[in-house]
Structure formats: structure tokens, C-alpha cells
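Here is how names work: the chains are called A, B, and so on, in the same order as the sequence lines, proteins then strands, and each is numbered from 1.
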Amino acid sequence: MLYSEAGQFSTRYAADRRLFRLRQDRLGLGLLLVFAFAVVPQVGNDYWFSAILTPFLVLSLAGLGLNLLTGYAGQLSLGSAAFMAAGAFATYNFQLRIEGLPLLASFALGGAVAALLSLVFGLPSLRIKGFYLIVSTLAAQFLVPWALVKYGWFSNYNASGVISAPRLDIFGLDLSSPAGRYVLTLGVVVALAFLARNIVRSELGRNWMAVRDMDTAAAVIGIPLARTKLLAFAISGFYLGVAGALWAFTYLGTVEPHGFDLNRSFQVLFIIIIGGMGSILGNFLGAAFIVLFPLLLSNLAGLLPGGLIDPGQLENIQKMIFGALIIVFLIREPEGLARLWQQFRARLRRWPLRY
Amino acid sequence: MTPFAQGDRRPTSGLPGWLHLQAAGQARSVALRHKRLGVWQERTWGEVLVEVGGLAGALSERGFRPGATLTILSNPRPEAVLLALAAQWLGGSAAVLDPRGEPGAPNLLARTPGRDFVFAEGLAEVERVRRAGLAPALIVYADPRGLNADLASGLISYPALAASTGGHVPALLARPVAVAFVFLRQGHGGEVELQETSHAELLREGQALVSGEALTEREEAFAARAFAASGQARYLLAPWLIAGFCLNFPEGLETRDIDRRELGPTLVAGTRETWQRLENMVRERLPAAGTWQRRLVDRALAPRAAGLTGLIGGWLVRRPLRDVLGFTRTRVPLIIGEPLPEASVQFFATLGIAVRNWKEAADWKAQDRTQRLTTAPDAAPSGFQRRSLSSVTGVQPV
Amino acid sequence: MNLFPPPLLELSHISLSFKGVKAITDISFAVARGEICALIGPNGAGKSSLLNVINGVYQAQEGQIRFDGEVRRHMRPHHAAERGMARSFQNLALFKGMTVLDNVLTGRNLKRRSSWIEQALGIGRAPREDDEQRRRAEEVIEFLNIQSWRQSLVGTLPYGLQKRVELARALAAEPKLLLLDEPMAGMNAAEKKEMSRFIVDINREFGTTVVLIEHDIGVVMGISSHVVVLDYGRKIGDGPPEEVRANPEVIAAYLGTRH
Amino acid sequence: MDFFLEVLIGGLLAGVMYSLVAIGFVLIYKASGVFNFAQGAMVLFAALTFVSLGERGVPFWIAFLVTLGAMLLLALAVERLVLRPLVNRSPITLFMATLGLAYITEGAAQALWGAQVHGLDLGIEDIPLDLGGLLVSQFDLFAAGMATTLVLVLSVLFNKTRIGLSLRAVADDTLAAQAVGIRLSRIWVVVWAVAGLVALITGLLWGARLGVQFSLSLVVLKALPVLIIGGFSSVGGAIVGGLIVGASEKLAEIYAGPLIGSGIENWFPYVLAMLFLLVRPTGLFGERSIDRV
């Protein structure tokens with residue numbers, strides 16, 4: 001509406017495959033990235049970096065990982081946190097045991113380990129459908145943290161299985177300051193988000209959605225179900241693994257296996273329900289919501305006259321509101337905040353016409 | 001041979017001559033664009049020249065001689081334009097019929113002077129040609145559905161025809177005095193009316209349009225498909241060749257609005273019907289009555305909304321609306337033939353689209369006829385009521 | 001040259017039952033290359049089940065299928081697709097969450113050569129292949145006249161159009177054999193006419209062999225060169241339309257004098 | 001050998017407790033096709049309500065009935081606010097809705113009654129009983145007895161009463177059931193209410209065993225593998241599954257624990273369930289459905 005689409009047409013298919021067809025959208029994204037990379041580190045303060053922005057980014061990535069599996073390929077999983085844990089501990093061990101392994105490389109390897117694990121727990125999906133799968137993913141959810149606690153080797157024989165971050169530097173550039181960790185996280189998340197967007201727009205992405213929408217038909221037109229599903233598990237596992245590593249090292253600094261319990265998995269699931277299944281943008285919206293909402297709530301409670309809501313209750317109230325929101329979203333807007341945004345945008349592009 | 005008289009920049013060989021001129025002047029810039037298979041396919045002036053030359057070769061190999069007429073039964077599409085130019089290249093003419101089956105259309109087809117060479121868009125048109133009792137030596141079709149398997153002699157697809165010549169390009173035989181287009185239509189008395197337009201006349205009209213509207217080679221002209229092929233031949237073809245801008249064809253009737261928006265044409269030529277259709281579409285798609293959005297829109301579209309409200313309305317409603325319709329860049333909105341009713345003109349005017357009307361000037365007719373009767377190379381078949389041509393004088397702001 | 005080319009599809013003594021309930025009993029017939037073969041019969045005659053057996057959605061307990069020179073007892077859907085079978089379903093089996101273009105593109109997934117990594121990174125064979133895939137898909141879209149809906153979600157389209165999109169998806173696979181399960185179900189006369197036109201054109205243009213299930217006898221007689229009649233899972237008629245139409249058993253089955 | 005038997009019986013009796021939770025699942029699954037993750041939260045809610053009432057001096061049966069009333073209200077709310085708006089949506093959607101429901105219920109339970117641990121005494125002192133040389137927990141026997149009676153009551157309810165018959169009709173073929181005029185909403189309310197009753201009893205038994213506290217809501221995680229093994233749609237399956245899980249996890253803890261490390265009963269049932277799934281995707285008693293195309 002506020003910008004002109006007239007005169008923006010493609011003469012080659014490649015032009016249609018660009019990230020955005022409209023010049024203005026590409027420009028907008030570019031500006032956003034410049035802002036996030038160049039401006040924010042200058043103006044932000046440590047509280048924002050380490051308490052809001054970094055967790056927001058990491059959770060977005062985790063949501064993205066689960067979304068690829070659940071939102072695109074239609075395979076429900078309650079084991080996200082397990083794969084995050086696997087990624088974190090694997091990264092830790094790669095850093096620990098291989099001299100001079102670049103940080104990003106160990107992130108990637110950690111992701112690869114998580115991918116492998118996810119693949120294994122995805123195997124039952126070849127036989128079973130729907131929520132029967134949650135058993136397999138829950139098995140991972142309980143098995144992995146148990147193993148990480150039980151076998152000291154994973155945490156380099158730390159008494160309580162706690163691992164702590166390696167030195168965060170890339171090409172000798174030290175990133176251990178809050179701003180540095182934010183930038184590092186941002187870089188990884190942005191890169192992986194672009195990759196994910198390419199994947200879901202590719203043949204593989206279409207196959208995922210086909211399997212999700214109607215697997216019988218998918219098989220009939222020759223889509224290899226097993227391969228498609230397992231790739232979904234593996235790639236999703238990779239994303240979750242990297243997210244776990246970031247969670248442990250750029251956000252928390254130190255983490256124990258129980259930091260990746262069932263509730264974490266639920267948190268990630270809620271991100272994609274609220275943000276929007278089958279959408280890349282949705283993960284960021286959902287994560288922003290999950291991170292900001294509690295802060296908002298506690299601030300509101302703070303505004304109320306003292307003692308009206310005692311802090312102990314706040315958590316319960318928060319829980320109830322989250323639960324209610326989940327149901328409301330599932331009823332009113334199953335495709336989440338992302339859908340709302342798309343509808344708004346579509347209206348804007350047609351305005352003042354209705355259709 | 002050279003299509004140009006010595007020392008004179010103006011070609012002496014009609015429309016194809018101008019094609020040569022443009023190809024020489026701006027071989028690399030885009031001459032034709034039409035949306036097909038989801039993207040806008042482009043032809044540069046150089047390619048157009050080669051293609052037309054090849055077609056001319058193919059036609060002459062199949063016995064198309066000077067003075068012959070190629071009947072075109074098709075919605076506007078590049079193939080039709082290029083084939084018409086090829087026929088004119090060989091000193092012949094193109095008889096353009098409106099493919100949309102209005103009552104009496106078949107007998108128009110039966111009366112076409114060009115009985116041996118036909119361009120029929122697709123299966124339906126080919127069948128109509130056959131029903132009309134024509135037995136052409138050559139039927140060229142563009143849309144292959146249901147025709148590839150048809151092995152009837154003389155039936156050939158456009159690509160096959162274009163490829164059939166061995167690069168042999170015949171001499172350019174077009175002459176200004178020669179008839180370029182023949183238009184047939186059902187007169188009000190039910191009798192068939194025949195119009196013959198010479199190159200000279202088309203070029204004169206075209207030149208008038210070009211100078212009147214100051215058209216440059218940078219225009220993007222949008223040929224709505226609903227706008228009959230004949231109309232385009234008369235009002236877009238000559239200006240296109242003279243000014244050397246780019247002529248754009250949408251993907252289809254139902255996608256034209258989307259395509260117009262994508263393209264954002266600077267020159268839009270339509271008929272009263274096409275403009276009114278557009279207006280009605282807008283009116284029925286405006287926000288539902290009673291909503292605040294509707295009130296905003298109504299205020300913005302109220303005539304003479306001036307001052308601040310005018311400014312706001314412009315940014316919040318008129319400008320976006322222009323863009324949705326694809327008129328953001330439109331500089332020359334034309335209506336050909338009967339004028340729009342005042343209300344509609346007002347409507348578009350408030351949007352900032354000053355639709356201009358091209359009128360026919362009666363006084364030119366007589367003199368024009370004498371001129372043409374003496375110069376016309378071929379006497380039209382008896383039994384047709386001869387009717388002289390309108391010609392365009394200039395802008396008539398509405 | 002061979003005056004009697006082998007049939008493209010040959011079913012011999014196919015029997016199928018669900019939990020002991022016989023759906024198909026000892027059915028054999030052959031479909032010649034390039035013909036349009038119609039499967040007709042009252043509801044519950046086992047027509048859909050037979051299609052499902054042909055491309056391996058169901059596994060027949062007895063009998064064998066010869067397709068394009070290859071004999072198999074069981075045909076897995078994926079394998080059937082690879083060997084050149086495409087089909088549409090009785091009650092639409094489109095991917096509702098995807099656009100028309102994407103649905104058609106999925107029909108071409110077997111034509112892919114580049115790996116998913118190449119595609120994700122836009123390197124190697126991927127870009128050229130993407131163009132090629134898109135062009136072929138667009139050709140199908142143009143052939144079936146659904147350009148205007150290219151980018152709309154199939155879930156939002158009217159029923160008749162969805163049927164056409166499903167046909168497009170099947171056609172995009174460039175199949176040797178096209179199995180259409182009631183392609184005109186629930187259509188009005190005009191839509192039926194259009195759809196039959198498309199089917200005939202497909203058959204003529206690409207020489208695709210078509211096996212279709214249809215209830216509208218008029219349509220069947222109009223477009224098919226070979227009719228197979230089923231009733232209660234048995235074959236009661238097989239031959240050119242006019243011959244089948246004259247067959248007393250078929251008439252009986254349709255007028256229901258026997259029941 | 002005796003030791004093995006004791007472990008086995010102990011496991012079996014513990015399994016009875018799992019079965020109790022699982023039965024709640026099965027009821028709801030049969031009637032509304034919903035995989036009710038909130039069952040655990042309902043157990044917590046019921047137990048907390050009951051105990052807190054008791055602590056406020058409300059006599060046993062009153063408290064019991066009041067809690068039952070609360071569960072009925074919950075059922076009504078669920079039917080009206082969750083099931084009805086989500087009718088004929090995908091099972092996964094419904095499942096995720098029950099996740100939300102679980103959060104609400106847990107939040108509400110703790111907001112109302114606080115998070116501290118409440119003791120619950122049903123008046124059965126837990127002294128081991130000596131049965132022919134085998135030491136068996138008296139409490140477990142009592143629990144087993146409760147479970148058995150509950151199952152009997154349920155089976156009577158569902159096989160003899162009209163509501164039960166219509167419930168089974170719904171479970172068999174929802175559309176047909178509606179066609180013969182069975183009102184789904186009523187069925188749902190009844191079933192969720194009954195599930196509430198089951199939750200209450202489960203809550204009492206588990207609460208008496210572990211104390212009434214948040215961890216009660218986690219029994220749901222025990223019930224999942226039970227269902228997978230027993231099959232979602234069979235009460236008998238739930239019981240057998242429960243016994244299998246109970247027994248096997250105890251045995252595994254005792255015999256495999258030393259080898260691979262203790263504390264395996266958290267995940268062992270799931271691994272067991274996965275193996276079951278790979279062999280028999282619909283569980284022991286679940287029936288397979290052929291998806292038509």
C-alpha cells in the first residue's frame with residue numbers, strides 16, 4: 001500500500017525464486033539486518049543482550065528446528081529439549097577434546113550429533129503415525145538427560161554434570177562480552193534461518209508438506225516417505241542441536257542436563273503453536289512472545305498496588321494464561337501470529353480494494 | 001534493397017520499414033513482452049525483425065504474393081502482430097477479425113478477402129474457419145491444444161512456420177499506399193462493412209498519436225486482450241513502430257488485472273467497455289458500505305478533495321488504489337472510439353487518471369476517400385459497402 | 001513393425017478382499033497403449049479398489065499385474081509412480097496447504113536429479129533444474145487453463161477447479177498411464193464437457209493411456225474407446241462402447257432387474 | 001527366587017496404579033478421540049482439592065463429593081470451551097489443546113491450594129503382609145482392590161446403562177451414532193466427568209503413597225507407555241499394559257540397573273513402548289484401521 005508494486009515483474013524464473021519478489025521487502029529485510037548487526041550492539045545494554053535478545057534468538061532457532069519437523073513435515077515431537085541437550089554436550093566435548101577446533105565448526109559438529117540422534121528416534125515414524133510418535137520422542141526426552149547425568153564422561157566428570165562455555169572467539173575475535181555473544185548468536189541464527197527458508201521452498205520442503213497434508217497421495221505420486229520423514233528428523237535435530245549449544249554457551253554460559261527437561265520441550269512447542277506452524281517468520285514471533293510475555297506480566301503485576309498479586313502466584317497465573325493462549329490460538333488461529341501478519345499484509349497490498 | 005529513401009530518415013516502405021528502423025536504432029531493447037508460463041517473455045527489436053523476416057520468407061514460400069490478404073482470427077498476441085507485419089512485408093495486408101463470437105461473426109469470416117492464408121489462434125478458431133467454408137492453403141495456429149495431432153494439410157503451428165524457412169529473408173515489398181489492414185464488421189443495417197487502411201494512413205494516425213501524446217521509446221504499452229485485435233492494429237501498432245516503445249500482452253483475460261499491476265504500464269489503450277469494466281470492478285470491491293474504511297475511501301474519492309484531507313486521501317487511498325490497478329506509472333490512458341460517460345471520466349479523474357478520448361474527425365473522410373480510391377492497389381470485392389476510414393487528429397481532452 | 005503391440009497394462013485373475021470380504025473377484029483385462037479405457041459399474045462394484053490395486057495402494061491377494069512389460073504380483077505405489085503411473089483420487093487428495101503451482105510441482109518430484117543440499121544452497125545442478133521443473137509445471141498449468149489460480153492455496157478453490165488441479169498434478173509426472181477415479185464426480189454439465197475435453201486432449205496430445213472411472217454413461221461412451229463393466233467385484237462386460245452397451249448383463253446390472 | 005517374585009508382585013501392584021491413570025485416558029480417547037494429556041493435571045487438581053478441603057475440616061465424603069462436583073464442572077467447561085470449538089480438527093491439534101488444558105489445570109490447582117506438599121492418610125497403614133513367605137504391601141493390595149472395583153463399576157456403567165451403550169456407539173462410529181440421534185456433547189461431558197472421577201481416585205491413591213504435590217501431575221508420563229503397550233482404545237489393554245510396565249520397570253531397575261546405571265525407570269517404559277510399537281503399531285489390544293483413499 002505505502003509502496004508501489006507496479007512495474008515489478010519477473011522475466012526469469014530465478015527472479016521468482018528470490019527471497020522476496022518485491023523490492024521494498026528485500027530493502028526492508030536488509031535494513032532490519034543492518035540494524036540488528038550494526039546498530040543494536042551499539043545502543044543496547046547488557047540486560048537487553050543477555051536477558052532478552054540472546055534467549056529470544058536461541059529460542060527462535062529452536063522453534064525453527066521443531067517447526068521444520070512438526071509444522072512442515074507434520075511429525076509431532078515432544079523431545080526437542082533432548083536434542084538441544086545432545087547438541088550442547090556434543091559441542092562442549094568437541095571443544096574440549098579436539099585441540100584448536102574452530103567454535104563454529106564445533107557448533108556444526110554438535111548439531112550433526114543431535115541430527116544423528118534425532119534420526120534414530122525418528123525411525124519409529126516409518127511405522128507409526130500421529131501422536132503415537134510422541135512416545136518415541138518422549139523416550140529421547142527422558143533417556144538423553146539421564147545418560148548425560150549418569151555417564152560423567154559427557155560432562156568431563158563434573159560432579160553434577162554441569163558444563164560451562166568454552167572461550168567464545170572466532171578468528172581470534174573475542175565475543176564473550178554480552179554484545180559479542182548476541183552478535184555471534186544473531187549471525188548463526190540468521191544464517192540458519194536463510195538456509196531453512198531455502199529448504200522449505202525446495203523439493204524437499206514440498207515433499208515435507210505433501211507428507212504432512214496427505215501421505216497416501218504423497219506416496220502415490222512417488223515421494224519417498226521414509227527418506228522424507230527421516231530427513232525432516234535429521235535436519236530438525238541439527239537445528240535443535242545448534243540451538244542447544246547456543247543456549248548453553250552464548251546465553252547461559254553454564255548448563256546442566258536438567259536445563260533441558262520436558263518443560264523446555266513444551267516451551268519450544270508453544271513457540272511454534274503461538275508463532276505459527278509451517279512458517280519461518282512464526283518462530284521469531286512466537287519466541288519473542290514467549291520471552292517478552294512473562295516480563296510484561298511481572299511488570300503489570302508490579303504496577304498493581306503491592307501485595308495484590310504475590311510473586312508466588314505470578315508463576316501459576318502465567319501458566320494458566322499460557323495454557324489458555326494455546327487453546328485460543330488452536331481454535332481461532334491455528335496458523336499462529338505469522339498467519340495474522342500475512343493476512344494483514346495481504347489486505348494492505350489490496351487496499352483499498354477488498355479482494 | 002534499403003527500406004529507406006536516400007537521405008530521408010523516414011522509411012518509404014510502410015510499417016515493416018519502421019520495424020527496420022527500430023531494429024537498426026535499438027536492436028537490443030525490448031520490443032514485445034507477453035506473459036506466458038508464469039513469466040514475462042521478451043522479444044527485442046532485433047529478434048522481432050528476424051522473426052518477421054523469417055515469417056515473411058515462410059509465407060512467400062507458401063505462395064503469399066503482394067496484394068494477398070492474411071486473415072487473422074485471434075485475440076491480440078505477439079504471433080498475430082508479427083504475422084500481420086510479415087504479410088505487409090510481402091506487400092500484402094492482414095484482415096483482422098474479432099475472435100469473440102458475436103452474432104454474425106461466422107459470416108464475417110466467410111466474407112474475408114483473405115481466403116487462402118489464415119492465422120487462427122487455437123482449436124476453436126480453426127474449427128470456425130472450417131465451418132465458415134474456407135479452405136485455406138495455409139492455417140497457422142498459436143495454441144496447439146488439440147491441434148498437434150491434427151494432420152490436415154496446410155495446418156501448421158506458428159513455431160513450425162517460423163522455423164520452416166532456411167533463413168531466407170524476402171525483399172521488403174511494403175509500400176505506403178498499399179493496404180496494410182482490412183477490418184470487417186457487422187454494420188448497423190446488418191450488412192458487412194469493410195474498412196481498408198493503408199500504411200500511410202496508419203502511420204499518419206500513429207504519428208498524430210505519438211506527437212499528440214509525446215510518446216517516447218520508453219513507454220510501456222499494455223494491450224488489454226479484451227480490446228479487440230482490430231483496435232490494437234489501428235491504434236497501437238503504428239505508434240509502437242514509430243515511437244519504438246514496448247508492447248505488452250497479459251497472460252489471459254482473467255489475469256489481466258494482476259498482470260497490469262505487475263507491469264505498471266505507462267500507456268494504456270482501451271475501449272469504453274474495458275474502462276467501464278475496470279470502474280465497476282473497483283466499485284464492487286471497495287470496502288463494505290458503513291465501515292470506517294469506506295467512509296475514508298469515499299472522502300478521499302470525493303471530487304475536489306483539497307487541502308489536508310486531499311493530501312491524506314491521496315496518500316491513504318488514491319495512490320494505493322492507482323497502484324492496485326497498475327496505473328501508478330500510467331502517463332497516457334487512452335480510450336478509443338465511443339467516449340466514457342461523464343461520471344466514469346470523473347471517477348478516473350479523481351484517481352488522477354485523466355482518460356483521454358481519441359475522436360474521429362469527419363471532415364477528413366471525403367478527401368481521404370478520394371485519395372484512397374485512387375491509390376488503393378486492389379479493388380475490393382463488389383457487394384461490400386465501402387466505408388472510408390476514420391483517422392485521428394489529435395488529443396481531445398475530455 | 002509389430003501389428004499387435006503388447007498391451008500397456010494387463011491384469012490377470014486379480015482378487016482382493018478386506019478382512020475376508022471379497023471386493024474384487026478374479027478380474028482380468030488388458031488396456032492397450034494410447035487408449036482411453038473406462039471402468040464402469042454400480043456403486044460398490046469394486047472400481048476404486050481395482051484402481052488402488054493397479055497402482056499398489058492395495059495389495060491383491062491373487063493374480064498378477066503386467067505393466068509396460070514388467071510383471072509383478074504386488075505393485076508398491078512409489079514403484080508404480082516410478083514406472084510411469086499417475087492417478088487422481090475419488091475424493092480429492094490434494095495438498096491443501098500448498099499453492100496450485102506447488103501441488104503441480106510435487107507431481108514432478110521424480111524428475112529431480114539434484115540433491116536437497118544443492119537445492120537448499122542453490123548450487124550445482126539445482127538452479128537450472130528449478131527453471132526446468134517450473135517451466136514444465138507451467139506448461140501443464142497452461143494446458144489445463146489454471147494460470148489465474150497459480151498462486152492460490154488449493155484448499156480455497158472450488159471443487160471443480162480442485163479436480164482440475166489434481167489432474168494437473170498427475171499430468172505433471174508425464175505418466176505413461178493415467179488413472180482417474182471419477183474425474184467428473186459432482187460436476188455440472190459444462191464442467192463435465194470441459195473435463196472430458198481435457199482428458200481427450202491429454203490422450204491425443206501426449207498419447208497418454210487413460211483408465212478412468214465414470215458414472216455418466218454419456219460421457220463414457222463419448223470419450224472412451226474401451227469399456228470394462230464391473231458388478232459386485234466381477235467383470236461382466238469388456239469391449240468397445242457400443243458392444244458393451246448392447247450387452248444384456250450390463251443392461252441388467254444398470255437397470256437393476258437382477259436385484 | 002522369592003526375591004524375584006516379590007519384585008515382580010511389587011511391580012505388578014505398582015502397575016495397577018499406572019493402569020488407573022491409563023483408564024482415564026482410554027475413556028476419553030474412546031469417546032472423543034482425544035489424547036488427553038491433561039489427565040495428570042486432573043489427578044493433581046482432584047487430589048489437591050480433596051486434601052485441602054479435608055485440611056479445612058470438611059468430612060471425607062463431603063470433600064469427596066465436592067471434588068467430584070468440581071471435576072464435573074471442569075468436564076462441562078472442557079466440552080464447551082475446548083472440544084466443541086475444535087470438533088473434527090486433527091488429533092494432533094486436539095492433543096496440543098490438552099497440553100494447554102494441562103497448564104491451566106495445574107496452574108489453577110496450585111493458585112487455589114498452593115504448592116506445598118500435603119500429606120494424605122486414607123487410614124490404611126502400609127505394613128507389609130506376609131503371604132506364604134512373600135512380603136506384599138498391604139496398601140498396594142488395597143490399591144489393586146480399588147482399581148478392580150473401579151474397572152468393574154465402569155464396565156457395568158458402559159455395558160448396562162443407556163449412556164454407556166451410546167458411548168460405545170460413538171466410539172465405534174461417531175457419524176452413525178450422531179445419525180441415530182446421540183448427542184455427542186452429552187457423551188463428552190459424561191466421559192470427561194467419569195475421567196474426573198477416575199482422576200480423583202487415582203489422586204487419592206497416589207497422593208496417599210507419595211503425598212499430594214505437583215509431581216502427581218507427572219503420573220501422566222507413566223501412563224503414556226502403558227497406553228502404547230495396551231492400545232489406546234481398550235480398558236483391558238490399559239490394565240494389562242499397566243501391569244507389564246510396572247513389573248518390567250521394577251525388574252529392570254533391580255536387574256539391569258547395576259549394569260547401566262540406576263534411575264532407569266524414568267525412561268525404561270518408553271523404550272519398552274517403542275519396541276512394542278515397532279512390533280505391533282496399534283498396541284496389544286488396539287484395533288487397526290484401514291485408511292481408505
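Judged by distance alone, the side chain of A:Asn283 and the main-chain N or O of A:Ser60 form no donor-acceptor pair under 3.5 Å.
Rounded to the nearest 0.5 angstrom, D:Leu218 CG and D:Trp206 CH2 are separated by 10.0 Å.
Neither the backbone nor the side chain of A:Leu314 has a heavy atom closer than 4.5 Å to any heavy atom of chain D. When heavy atoms are compared at a cutoff of 4.5 Å, A:Met214 does not approach chain D at all. In this structure, chain D has a heavy atom under 4.5 Å from the side chain of A:Ile327, while its backbone stays farther away. Only the side chain of D:Leu221 comes within contact range of chain A, with heavy atoms under 4.5 Å apart. For A:Leu143, the parts lying under 4.5 angstrom from a heavy atom of chain D are both the backbone and the side chain. For A:Phe329, no part sits under 4.5 Å from any heavy atom of chain D, backbone or side chain. For chain D, the nearby part of A:Leu262 is the side chain; its heavy atoms alone come within less than 4.5 Å. There is no contact between A:Leu325 and chain D, counting heavy-atom distances below 4.5 Å.
Nearest heavy-atom pair, D:Thr98 versus D:Phe35, reported as atom, atom and distance to 0.1 Å: OG1-O, 3.3 Å. When every heavy atom of A:Phe142 is checked against every heavy atom of D:Trp267, the shortest pair comes out as CB-CB, 3.6 Å. Across all non-hydrogen atoms, the minimal contact from A:Gly63 to A:Ile271 is CA-CG2, 4.3 Å.
Most heavy-atom pairs under 4.5 Å with chain A, from the set D:Leu224, D:Ile264, D:Val82, D:Thr105: that is D:Ile264. Of the residues considered (D:Leu81, D:Leu94, D:Leu99), D:Leu99 shows the highest number of contacts with chain A, using heavy-atom pairs under 4.5 Å.
Aromatic ring pairs are classed by plane angle as parallel below 30°, tilted from 30° to 60° and perpendicular above 60°; the pair A:Phe293 and A:Phe289 is parallel.
Under the 3.5 Å distance criterion, with hydrogens and angles disregarded, a donor-acceptor pair is assigned to the side chains of D:Glu55 and D:His118.
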